[in-house]
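Shown next, in structure tokens, is the structure this report addresses.
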Amino acid sequence: REWDIGDWIMIGGVGLIGAHILGSIAFPKAKAIFSTALEVAGTAAQIGVTGGALYAGYRLMAARKAQDEMETIRLLPRVSTEYDPAKIRQLIGQLAGLRRSQLQRFLRGREWMRFVVVHEDEGIAIYVSAPQDRIRAVAAAWRSVYPEAEIHLVEGFPELNGYFTYAVPFLRGDMAGLPFQAGKSSLVDVLAHMEPGAWLDIQFSAGSWRKLQKQTAKAARIVQVGAWADDPDSRARKKSIYNRFTGREAPLDVTITLGSPNPGTLQSMAVGLSASFSGDNKVGFRNPWPFEKSLPFPLPSRQFLLTSEEVGSLIHLPPGDHPAAAAVVKLEEGEQSLGEDELAEGIAIGRLKHPILPDRVVRITISQLSRHWILSGKTGSGKSSTLLTIIDDMIDQWLENPNAPAFTKFDPAGETVLIILSRLLKKEKEGKKIPWEKVHYFYLGHSQYPIGLNLLHRDGRPVDQIAK
């Protein structure tokens with residue numbers, strides 16, 4: 001059995017009482033010296049208590065300030081996003097490497113980060129929050145592992161309301177080192193049970209490698225010589241313990257919170273998480289204390305000490321082809337964000353289609369549109385609509401500026417050109433002045449009144465010049 005601080009405090013207290021009795025009875029002359037020593041110790045204790053209270057207050061204020069200064073990014077996966085355990089392990093390792101120094105942790109507190117999944121009205125959204133001095137590195141880590149995804153800086157994530165519960169390790173103490181499930185996505189098993197208003201909040205920070213090593217050693221010893229030594233599965237447990245900790249893992253302290261406005265949905269999410277994430281160690285659940293939600297940091301009793309592989313089964317982007325990810329807001333093939341100044345000048349060719357960015361006109365400059373280009377697509381794909389969008393915007397610019405570029409439209413089907421004329425008449429009815437003398441309409445398909453065109457006509461110029 002290892003001695004903890006509570007044992008030493010008890011031994012020290014018993015020793016002080018014994019010394020006091022011994023000094024009073026056997027050594028009366030030493031009583032005064034002992035009393036003076038007790039007074040000094042009492043004064044030191046008062047100073048320590050006062051200083052500890054002041055430091056605790058300072059840390060609480062600093063934690064609240066850090067919580068207010070957290071910055072948030074929203075992650076947008078693609079339909080082509082895949083689950084790759086090796087890359088996810090790399091991601092978690094990068095995030096764990098963002099820990100502050102011991103001095104910075106003493107002064108500013110730990111660098112707690114959050115991975116939040118919320119089922120909003122339009123679908124399931126994924127957010128990541130981190131301290132201001134870590135958010136750029138966090139975004140870079142996600143971008144390096146998911147280059148196809150988009151990352152958007154947002155003003156925090158939605159408020160997490162409803163009933164909620166904390167996931168906790170079922171086995172603690174000497175058995176805390178038993179492994180949880182790793183190598184597969186436990187996240188999708190939670191997403192499968194989420195309904196609108198439900199959420200998952202995972203807070204994590206770089207943990208202690210030495211503590212993880214001690215936990216592993218204790219668990220291995222219990223499996224070998226403890227109560228489970230004769231268990232038929234002890235050999236498999238021992239192997240899983242040593243596979244869990246090889247010395248290359250990054251340890252992280254993690255809290256997992258599930259919430260939903262519907263108690264039934266919350267229970268379903270908890271069952272999904274427990275069934276998927278439990279390994280040799282199991283996942284239990286605890287109700288929160290009344291004051292707990294207002295704390296700016298997670299309580300130690302709610303924390304798991306996990307390896308980067310175990311954390312990776314929870315913190316990643318869901319694979320786009322998984323049925324449980326159908327409700328996740330993601331980018332379809334061909335969709336991408338545009339900056340405010342990107343494709344913002346020239347002729348309108350359509351509107352931006354994006355799951356979270358506001359709808360706006362997409363434009364191409366006149367110089368680009370004047371080069372050779374082709375508009376192709378299968379029947380019904382929107383070729384005529386796109387062309388009419390371009391022409392309609394050119395007409396609007398032409399009516400505002402007589403020197404704007406003009407166009408010539410050949411329409412063998414005879415459909416879109418009539419739409420153009422109809423729109424010109426509509427604009428005239430709305431009060432626009434149409435310079436009809438610059439609008440020329442030719443119909444080449446009339447059999448009774450064909451347009452005269454003599455290809456052999458000569459107007460006095462040389463033949464080679466006419467041919468050219």
Side-chain angles (χ1 to χ4, degrees), residues 70-98 111 113-120 122-131 134-154 156-157 181-192 194 199-206 249-250 252 254 256 276-277 306-339 342 352-357:
M70 294 274 282
E71 293 191 353
T72 305
I73 55 176
R74 179 167 178 179
L75 306 176
L76 274 179
R78 285 194 178 274
V79 293
S80 58
T81 297
E82 298 179 349
Y83 179 79
D84 188 332
K87 290 185 177 180
I88 294 170
R89 185 168 59 249
Q90 173 191 343
L91 166 68
I92 304 302
Q94 291 184 60
L95 297 177
L98 297 177
E111 63 298 333
M113 291 171 267
R114 300 176 73 175
F115 178 79
V116 180
V117 181
V118 186
H119 198 315
E120 301 175 345
E122 69 273 14
I124 297 176
I126 302 172
Y127 301 90
V128 174
S129 290
R134 294 292 188 270
I135 191 65
R136 293 185 65 180
V138 169
W142 282 94
R143 190 175 291 109
S144 68
V145 175
Y146 294 104
E148 77 283 359
E150 286 189 0
I151 299 175
H152 297 267
L153 187 65
V154 296
F157 46 80
Q181 191 63 253
K184 71 182 190 69
S185 176
S186 296
L187 175 63
V188 295
D189 293 300
V190 179
L191 299 182
M194 294 182 73
W199 49 269
L200 165 68
D201 182 9
I202 301 176
Q203 299 187 58
F204 59 99
S205 178
E249 294 79 10
L252 295 100
V254 179
I256 306 170
S276 178
F277 192 55
L306 302 176
T307 64
S308 49
E309 287 82 359
E310 293 167 338
V311 176
S313 67
L314 294 168
I315 298 179
H316 59 268
L317 292 182
D321 60 350
H322 197 284
V328 175
V329 179
K330 49 186 173 289
L331 296 164
E332 301 292 336
E333 290 302 325
E335 292 183 348
Q336 70 175 68
S337 62
L338 295 174
E342 191 175 5
L352 176 65
K353 181 184 177 184
H354 196 273
I356 66 172
L357 293 181

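Atom set for the values below is all heavy atoms of this structure, side chains included, hydrogens, waters and symmetry mates excluded.
- When side chains are defined from C-beta on, Lys330 does not count as touching Leu76, because their heavy atoms never get closer than 4.5 Å.
- Under the rule for a salt bridge (Lys or Arg N to Asp or Glu O under 4.0 Å), Arg78 has no partner lying at least two apart in sequence or in another chain.
- Using a 4.5 Å heavy-atom cutoff, the side chains of Met194 and Val117 are in contact.
- Of all heavy-atom pairs between His119 and Ile124, the closest is CD2-CG1, 3.5 Å.
- Considering all non-hydrogen atoms of both residues, Leu252 and Ala250 come closest at CD1-O, 3.3 Å.
- With values rounded to the nearest 0.5 angstrom, Leu95 atom CG is found 4.5 Å from Leu91 atom CG.
- In this structure, a donor-acceptor pair under 3.5 Å is absent between the side chains of His354 and Gln336.
- Applying the side chain to side chain contact (heavy atoms under 4.5 Å, CB included) test between Arg74 and each of Ile151, Leu153, Val329 identifies Val329 as the sole match.
- With rounding to the nearest 0.5 angstrom, the CZ atom of Phe157 is 11.5 Å from the CD atom of Glu120.
- Heavy atoms only, all atoms of each residue included: Ala137 and Leu98 are closest at CB-CD2, 3.7 Å.
- Annotation: salt bridge (Lys or Arg N to Asp or Glu O under 4.0 Å) contacts of Lys353 (sequence neighbours excluded): Glu335.
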_Quick one, Val138 with Met113, criterion side chain to side chain contact (heavy atoms under 4.5 Å, CB included). Give me CA distance, side-chain angles, the key distance, then yes/no._
CA-CA 9 Å; Val138 169; Met113 291 171 267; 3.6 Å; yes

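- When atom types are taken as modelled, the side chain of Tyr127 and the backbone of Phe115 share no donor-acceptor pair closer than 3.5 angstrom.
- Here the CZ atom belonging to Arg136 is positioned 10.5 Å from the CD atom belonging to Glu71, to the nearest 0.5 angstrom.
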*Under the side chain to side chain contact (heavy atoms under 4.5 Å, CB included) criterion, do Ile202 and Arg114 qualify, and how do the steps go?*
CA-CA 6 Å; Ile202 301 176; Arg114 300 176 73 175; over 6 Å; no

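- In terms of modelled atom types and a separation under 3.5 Å, the side chain of Lys87 and the main chain of Tyr146 share no donor-acceptor contact.
- Every residue two or more places apart in sequence or in another chain that forms a salt bridge (Lys or Arg N to Asp or Glu O under 4.0 Å) with Glu309 is listed here: Arg89.
- Interatomic distance, CZ of Arg143 versus CD of Glu148, reported as 12.0 Å (0.5 Å rounding).
- The salt bridge (Lys or Arg N to Asp or Glu O under 4.0 Å) search around Glu249 returns none, not counting sequence neighbours.
- Shown here are the side chain to side chain contact (heavy atoms under 4.5 Å, CB included) partners of Ser205, two or more places apart in sequence or in another chain: Arg105, Arg110, Glu111, Trp112.
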*asked:* Would Gln181 and Ser186 count as a side-chain hydrogen bond (donor to acceptor under 3.5 Å, both in side chains) here? Give the steps.
replied: CA-CA 8 Å; Gln181 191 63 253; Ser186 296; over 6 Å; no

Contacts table for residues 311-322: side-chain donor-acceptor under 3.5 angstrom, sequence neighbours left out:
| from | atom 1 | to | atom 2 | distance (Å) |
| --- | --- | --- | --- | --- |
| Ser313 | OG | Glu310 | O | 2.6 |
| His316 | ND1 | Gly312 | O | 2.8 |
| His316 | NE2 | Ser185 | OG | 2.8 |
| His322 | ND1 | Ala324 | N | 3.0 |

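- Under the side chain to side chain contact (heavy atoms under 4.5 Å, CB included) test applied with Ile73, the options Ile126, Ile135, Val154 reduce to a single match, Ile135.
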_Working note: Val128 + Val116, criterion side chain to side chain contact (heavy atoms under 4.5 Å, CB included); need CA distance, chi angles, decisive distance, verdict._
CA-CA 6 Å; Val128 174; Val116 180; over 6 Å; no

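- A pairwise comparison of heavy atoms in Glu342 and Ser337 identifies OE1-O, 4.4 Å as the closest pair.
- Between the side chains of Ser144 and Gln94, at least one donor N or O sits under 3.5 Å from an acceptor N or O.
- We find the CG-CG distance between Leu191 and Leu187 to be 4.0 Å, quoted to the nearest 0.5 Å.
- Under a cut-off of 6.0 angstrom, the local environment of CD in Glu82 is sparse, with at most 12 non-hydrogen atoms contributed by other residues, nucleotides or ligands.
- Taking both residues in full, the closest heavy atoms of Asp189 and Lys184 are given as OD2-NZ, 3.9 Å, listed atom of the first, atom of the second, then distance.
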